2 protein chains.
Amino acid sequence: MARVRISDVAAAAGVSTSTVSLVLNDRTGARISEETRARVREAAAVVGYTPNSIARGLRTQRTRTIGLVSDVIATTPFAGRMLAGAQDAAREHGHLLILVNTDADPAVERDAIRALVDHQVDAMIFATMWHRVVETPEGLPDRTVFLDCRPADGTRPAVVPDEVAGGRAAVRELLAAGHRRIAWLDIDEPDPPVASGLRHQAYREVLAEAGITPDPAWHVRGDGTTAASGRAATDRLLDLPPHRRPTAIFCFNDRMAAGAYVAARHRGLEIPADLSVVGYDDQQLVAGELDPPLTTIALPHYEMGRWAAEVALGAREPPEPDQPYLMPCPIIRRDSVSSPPAAAPTPAGGEPDTTP
Amino acid sequence: MARVRISDVAAAAGVSTSTVSLVLNDRTGARISEETRARVREAAAVVGYTPNSIARGLRTQRTRTIGLVSDVIATTPFAGRMLAGAQDAAREHGHLLILVNTDADPAVERDAIRALVDHQVDAMIFATMWHRVVETPEGLPDRTVFLDCRPADGTRPAVVPDEVAGGRAAVRELLAAGHRRIAWLDIDEPDPPVASGLRHQAYREVLAEAGITPDPAWHVRGDGTTAASGRAATDRLLDLPPHRRPTAIFCFNDRMAAGAYVAARHRGLEIPADLSVVGYDDQQLVAGELDPPLTTIALPHYEMGRWAAEVALGAREPPEPDQPYLMPCPIIRRDSVSSPPAAAPTPAGGEPDTTP
DNA sequence: TTGAAAGCGCTAACAC
DNA sequence: GTGTTAGCGCTTTCAA
């Protein structure tokens with residue numbers, strides 16, 4: 001069955017194609033009689049006409065599509081949320097999302113950007129799986145938004161998680177529960193992710209505000225990809241002598257937090273009674289499934305995806321055009337935080353910071 | 001900067017636009033002198049020309065895009081693999097993937113299909129998150145492939161996991177290790193998924209072949225979405241008197257297998273020495289992270305996504321046009337299967353099936 | 001209030 | 001071998 005064209009509607013309604021176009025696009029400028037409008041609409045419905053987007057795109061130079069190129073987005077557990085946010089926003093604005101995964105291959109990326117530009121996408125989103133700084137790729141249209149990454153030359157809108165605020169919330173949660181000896185279970189990589197530095201900064205700031213100078217031994221590291229690495233790092237913490245041993249751990253991610261659980265359990269320590277734990281990521285199938293469920297900081301992937309699409313479509317203005325927008329990371333309170341064990345001795349070397 | 005058009009190349013090379021088109025599209029039919037070809041290519045490179053896909057699409061009626069509409073695909077852990085497979089195949093064939101998520105909302109689905117058709121996608125993939133039977137939606141183009149679902153009227157190509165073969169492999173693995181009392185930890189839903197019936201069928205067949213009549217008490221159920229439900233079901237199994245108690249469990253999915261681990265641990269049972277477990281799904285972050293790592297059957301999401309895109313693009317023929325293609329589910333051997341404990345009494349009521 | 005005609009950028013018959 | 005021309009289906013002046 002051949003597609004029905006605008007000329008078919010015109011013929012059925014006994015008018016010209018321009019009239020049909022005018023009516024169907026609700027062009028208020030043109031004065032078409034109410035009677036004609038009705039007849040055209042009726043005819044369109046009867047023959048089942050929907051405009052050919054390609055022809056319309058050629059003529060109007062707008063395709064109602066938005067291109068999304070990402071490194072490994074579609075294959076990781078977080079990816080879906082970003083896609084879903086971008087896709088929902090696109091749909092609400094009558095746009096379609098064209099997705100390309102590059103697997104971080106520069107050649108694929110270059111081809112993808114070109115293909116998307118050739119397809120005349122109205123806007124583009126450049127997304128990465130982890131918050132990082134990227135070199136601005138060649139050939140991106142002006143209407144490009146960076147998602148979960150910040151371009152080295154900050155010339156275009158970008159949205160990233162507010163890691164510092166998230167880190168602060170995590171440490172404050174522990175402080176509020178009465179902890180003073182709080183460890184930072186960091187990620188150990190030759191080229192540490194942006195998030196690591198930012199969350200560590202938050203950790204130091206909040207402790208300083210509380211007059212706590214962290215013991216260097218409280219800063220431990222794991223590879224970040226396995227629970228086992230979190231367990232090993234936690235073991236090092238729990239091996240500390242009682243007066244230096246942390247009563248709480250802020251973990252770089254939920255997977256290492258899972259490892260902290262294992263380490264605690266193997267020593268007969270209860271969470272949270274003997275050890276409080278806060279994670280980061282709110283990773284499905286991890287944070288919620290742990291026993292007890294893990295208190296953690298959520299990465300706002302859905303919201304970032306939505307923000308990116310809305311800005312790309314011009315439906316929203318970035319508050320500060322030259323700064324990445326920092327999307328809040330909400331704390332998800334579950335059951336892994338309580339007050340420290342009563343027997344826990346107060347820290348020995350916790351001198352208040354004397355910065356003015 | 002305005003896009004460069006074919007006429008710019010023609011002007012730069014001193015030829016007509018048709019010559020440029022002929023050269024750039026490698027039309028072997030047309031005899032263009034090698035010298036002219038070189039000049040055109042040179043000019044195209046110099047001015048940085050790439051064809052406008054929209055204009056080309058209008059003219060050729062082929063857009064080199066493929067539409068993928070799915071229910072909740074992008075938001076679940078498995079989704080990425082299907083997307084990645086489809087996307088890789090699309091890219092290899094020079095096509096772009098247009099993605100729409102419907103959240104299983106029929107109105108959204110209808111609009112999505114229409115939008116994709118209006119955008120003149122060359123082919124369509126209709127995907128679901130779980131293997132199920134679907135009513136064929138209205139308006140799908142002829143070139144549609146069903147991914148991870150089978151249309152009620154089997155008129156179009158479809159690909160689903162080979163659940164029966166996967167289930168057989170799981171149970172055979174246990175049988176080969178020497179188990180005779182093998183439980184089936186099923187999913188408990190009012191409207192059970194296709195996979196449940198198929199895997200159960202495999203379970204019964206393989207046991208029958210081995211001359212084992214399963215004790216009805218070995219068929220237990222959990223809600224399938226939480227590890228806790230798997231634990232509770234496993235408890236019921238382990239509460240059975242010693243001579244009826246299973247030495248191995250085949251679980252509907254990895255999450256419930258995780259629950260089986262918890263149940264075993266709470267009774268001081270070692271896996272696999274005291275209890276062997278096989279899961280299904282090979283779910284990242286579950287199967288591999290369990291201690292010991294779980295032997296399981298993988299769902300071939302990537303391969304199914306790739307198959308669907310290749311068939312949609314005509315790059316591959318379905319072997320049996322009217323039957324869904326059954327994609328093999330490979331067994332992933334890890335460390336949760338061993339021979340049954342030596343002390344385990346052999347089953348009491350295991351009479352061979354006498355079916356011819 | 002409506003229709004005729006041009007043109008978006010490209011490809012493919014058909015001339016020459 | 002290469003250029004001219006028509007037309008994909010639509011929107012948008014402009015004229016009537």
Side-chain angles (χ1 to χ4, degrees), chain A residues 1-41 43-44 47-65 114-115 117-122, chain B residues 1-41 43-44 47-65 114-115 117-122:
Chain A
M1 53 182 184
R3 272 189 66 98
V4 22
R5 290 153 318 204
I6 197 171
S7 57
D8 298 321
V9 180
V15 296
S16 72
T17 60
S18 19
T19 300
V20 175
S21 174
L22 260 15
V23 171
L24 263 24
N25 289 304
D26 271 326
R27 282 258 155 281
T28 47
R31 304 244 160 281
I32 309 273
S33 73
E34 204 39 72
E35 190 229 312
T36 307
R37 302 187 102 88
R39 194 147 37 87
V40 168
R41 277 196 246 274
V47 300
Y49 171 72
T50 56
N52 177 325
S53 301
I54 297 299
R56 170 186 279 179
L58 179 59
R59 177 65 234 234
T60 61
Q61 305 288 49
R62 303 200 57 240
T63 55
R64 297 169 177 274
T65 56
R114 178 153 45 201
V117 169
D118 291 344
H119 271 268
Q120 307 267 76
V121 293
D122 295 340
Chain B
M1 54 181 184
R3 272 188 65 99
V4 18
R5 291 153 316 201
I6 197 171
S7 57
D8 299 320
V9 180
V15 296
S16 72
T17 60
S18 26
T19 301
V20 176
S21 173
L22 259 15
V23 171
L24 263 25
N25 288 304
D26 271 327
R27 280 258 156 282
T28 48
R31 303 246 158 277
I32 309 274
S33 74
E34 204 39 70
E35 190 228 313
T36 307
R37 303 186 101 88
R39 194 147 38 89
V40 168
R41 278 196 246 273
V47 300
Y49 171 73
T50 57
N52 178 323
S53 301
I54 298 299
R56 171 185 279 179
L58 180 59
R59 177 65 233 231
T60 62
Q61 304 288 52
R62 304 200 57 240
T63 56
R64 297 170 176 274
T65 57
R114 178 154 45 201
V117 168
D118 291 344
H119 272 268
Q120 306 266 78
V121 293
D122 294 340

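Throughout, protein chains are lettered first and strands after them, A, B, ... in sequence-line order, and every chain is numbered starting at 1. Everything quoted here is computed from the prediction, not taken from an experiment.
Between A/Tyr49 and A/Ile6, the shortest heavy-atom distance links the atoms CE1-N, 3.4 Å. Residues B/Leu58 and A/Ala55 come closest through the heavy atom pair CD1-CB, 3.7 Å. Of all heavy-atom pairs spanning B/Val4 and B/Val47, the tightest one is CG1-O, 3.5 Å. Here the closest heavy-atom approach between residue A/Asp122 and residue A/Gln61 is recorded as OD1-O, 4.4 Å. Counting all heavy atoms, side chain and backbone alike, B/Arg27 lies closest to B/Arg37 at O-NH2, 4.0 Å. Minimum heavy-atom separation, A/Thr65 to A/Val121: OG1-CA, 3.3 Å.
A salt bridge is absent between B/Asp8 and B/Arg3; no separation between the charged side-chain nitrogens and carboxylate oxygens falls under 4.0 Å.
The stretch residues 52-59 of chain A touches DNA chain C through A/Leu58, A/Arg59, each having a heavy atom under 4.0 angstrom from the strand. Residues from residues 14-27 of chain A placing a heavy atom under 4.0 Å of any atom in DNA chain D, listed by number, are A/Ser18, A/Ser21, A/Leu22, A/Asn25, A/Arg27.
Whole-Å rounding puts the A/Arg37 CZ to C/dT1 P distance at 10 Å. If you take CD of A/Gln120 and C1' of C/dG9, they are 9 Å apart, rounded to a whole angstrom. In this structure, A/Ile6 atom CD1 and D/dC8 atom P are separated by 14 Å, rounded to whole Å. For the pair B/Glu35 CD and D/dT2 P, the computed distance is 8 Å after rounding to whole Å. One interatomic measurement links the two molecules: CZ of A/Arg5 to P of D/dG7, which rounds to 13 Å at whole-angstrom precision. Atom NE2 of A/His119 and atom P of C/dG9 are 16 Å apart (whole Å).
The phosphate of D/dG9 has OP1 or OP2 within less than 4.0 Å of a side-chain N or O from B/Gln61.
A/Arg56 places a side-chain heavy atom less than 4.5 Å from the side chain of A/Asn25.
Side chain of B/Arg39 to backbone of B/Ala13: a donor-acceptor contact under 3.5 angstrom is found. Judged by distance alone, with hydrogens and angles left aside, the side-chain atoms of B/Thr63 form a donor-acceptor pair with the main-chain N or O of B/Gln120 at under 3.5 Å.
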Hey, what are the protein-to-nucleotides 14-16 of chain D N/O distances that come in under 3.5 Å?
none

Check: Yes or no on side-chain contact (heavy atoms from CB on, under 4.5 Å) for B/Arg5 and B/Asn52, after CA distance, side-chain angles and deciding distance?
Finding: CA-CA 8 Å; B/Arg5 291 153 316 201; B/Asn52 178 323; over 6 Å; no
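You'll find that the side chain of B/Arg31 is closest to D/dG1, out of D/dG1, D/dT2, C/dT2.
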